[in-house]
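Given the structure is predicted, the values throughout are model-derived calculations rather than measurements.
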Amino acid sequence: MYTNMAAPIMRYFVVAALLLIICPYSHVVFADGQCGNSAENAPESDCGCKVNRQSAQVPIKKSQAPESSDPSGSVGVDAEGETQKQDDPLKVNDEKSDKQNDIKSFRTNSMVFIPGGTFHMGTDDPIFVADGEMPSRKVTLDSFYMDKYEVSNSEFQRFVEDTKYKTEAEGFGNSFVMESYISEETKKKITQMVAAAPWWLPVDGADWRHPEGPDSDINERMDHPVLHASWNDAVAFCAWAGKRLPTEAEFEYACKGGKENRLFPWGNNLTPKGEHWMNIWQGEFPKENTAEDGYVGTSPVTAFPEQNKFGLKNIIGNVWEWTQDWWITKHSPHDSKNPKGPEKGTDKTKKGGSFQCHKSYCYRYRCVARSQNTPDSSAANLGFRCASDKLPDYLQAQEKDEL
């Protein structure tokens, strides 16, 4: 019996040791020291999904400068599926419409009811051991409400106009953006990059109004998720809306939609019935996103089918989403009720993956997958949605008006 147990135990420690060798960066660079690559394909680089304001930045040398897949301009796919060149790599994402004013007035602040219950949180078959995806443990939750959609630019603009709020990215004067989404003119002014993920660049002037830098805007993306929102920004918005951030347990429970031992909210098939149900990276990461799902960058928060029986949209894919919990990687295997994570920590937990996730580098668009950033960190693939113990009064009134 002991002989049979020795082999898997030895394999576990060998894998753990290899991860430390491949990713010798300190905690402040990618907090868990883990490369962020799938178990199937682990090149010696990091997807950068954990990049934060404490990430080590090094000067860019000409030999290190990120290589654009199309130096003369950006390439995308138009509505007919034809390849097209354009100045703004994200214009291809937009559902072209002459009704931008309607989009600005269309509300996406509705919530869905998530009935309480018991589920298995985490997994005993982790892809990323260092992320603390294991063990599977029984968790019981009370009923709660969760935003049907990620918070959109339109909704966030209402908050800013009402409160005069200034995001942390605006305060710091910069935020992180992936190289392939930045204009050549903006790139010329960048002198640093993230050591372990050189395609992530700190861009001066990047914030929620200017997702790819000062020469970009959200005029045609009001129904897309707000980006460059720190955890602190998300908390402030949710409080203004009479809501709160979901706990990690609530997020995972809502994501799983009553299913057990499934990768995605709807099951294990990446493309059910041959259709794309989420916005992730297709093609070779980080060189080319072939946009087979229809989007090179973010998609509208209303895009794609409802991902499970709770009626949630984009609970995985599109943008990473903040949760309440402080980040830990060692979890008790014992049963728990309404867990809220540790009382203090350094990083906050985020869930769901983003449009920049690819199985070969960041296979974290699974319900059990998780990652982290410091509360003041922001990036061009990071947003949020809110939750609540009860439906806010103004939404109750709104529902009655719609009846």
Side-chain angles (χ1 to χ4, degrees), residues 76-79 86 88-112 146-162 165 167 169 175 177 181 206-213 216-229 233-234 237-238 240-241 243 275-281 289 291 293-307 310-322 352-356 365 378-387 394-395 398-399 402:
V77 181
D78 66 17
Q86 54 193 24
D88 184 348
L90 297 177
K91 292 289 186 184
V92 66
N93 301 349
D94 297 323
E95 296 179 344
K96 301 294 184 181
S97 172
D98 294 328
K99 300 180 179 179
Q100 283 303 312
N101 289 332
D102 290 341
I103 289 175
K104 290 177 182 179
S105 62
F106 175 69
R107 302 305 301 271
T108 54
N109 62 342
S110 61
M111 305 189 84
V112 297
M146 178 173 273
D147 284 351
K148 181 180 182 73
Y149 310 103
E150 297 152 327
V151 173
S152 68
N153 284 315
S154 180
E155 293 294 335
F156 198 78
Q157 180 173 272
R158 288 173 179 267
F159 160 62
V160 171
E161 289 177 347
D162 186 49
Y165 185 84
T167 64
S175 191
V177 184
Y181 296 92
D207 55 48
W208 75 275
R209 290 188 182 92
H210 310 96
E212 295 78 50
S216 64
D217 60 57
I218 57 172
N219 293 342
E220 302 295 322
R221 287 180 272 171
M222 295 305 294
D223 56 346
H224 287 230
V226 65
L227 305 176
H228 300 288
D233 298 333
F237 174 93
C238 290
W240 169 81
K243 306 174 184 180
E275 299 176 352
H276 290 281
W277 278 33
M278 62 177 162
N279 181 13
I280 57 175
W281 188 286
N289 186 346
D293 56 21
Y295 301 97
V296 173
T298 58
S299 65
V301 299
T302 55
F304 300 101
E306 294 178 349
Q307 291 180 326
F310 293 145
L312 296 164
K313 291 266 195 168
N314 296 294
I315 193 70
I316 59 172
N318 214 20
V319 292
W320 281 101
E321 299 183 29
W322 290 110
S354 82
F355 69 94
Q356 293 177 352
Y365 45 90
S378 60
N381 65 348
L382 181 53
F384 66 99
R385 78 180 69 208
C386 306
Y394 67 91
L395 288 180
Q398 184 174 302
E399 284 189 354
E402 292 172 354

State, with a plain yes or no, whether a side-chain heavy atom of [X] is found less than 4.5 Å away from one of [Y].
X    : Y    : value
V151 : F159 : no
P225 : V301 : yes
F237 : V226 : no
W240 : R158 : yes

I'd like to know if the side chain of [X] and the backbone of [Y] have a donor-acceptor N/O pair within less than 3.5 Å.
X    : Y    : answer
D223 : S154 : no
W208 : I218 : no
N153 : R221 : yes
N289 : W281 : no
E212 : V177 : no
D207 : H210 : yes
K313 : F304 : yes
Y149 : P300 : no
N279 : G297 : yes
H228 : A169 : no

Report the distance from atom [atom1] of [X] to atom [atom2] of [Y], rounding to the nearest 0.5 Å.
X    : Y    : atom1 : atom2 : result
K148 : L312 : NZ    : CG    : 7.0 Å
N381 : Q356 : CG    : CD    : 4.5 Å
C238 : D147 : SG    : CG    : 7.0 Å

Non-hydrogen atoms of [X] and [Y] that approach each other most closely:
X    : Y    : answer
N318 : S299 : OD1-N, 2.8 Å
A379 : S175 : N-OG, 3.6 Å
N314 : E321 : O-OE2, 3.3 Å
N109 : R107 : ND2-NH2, 3.1 Å

Is any NZ, NE, NH1 or NH2 atom of the basic residue among K243 and E155 found under 4.0 Å from an Asp or Glu carboxylate oxygen of the other?
no

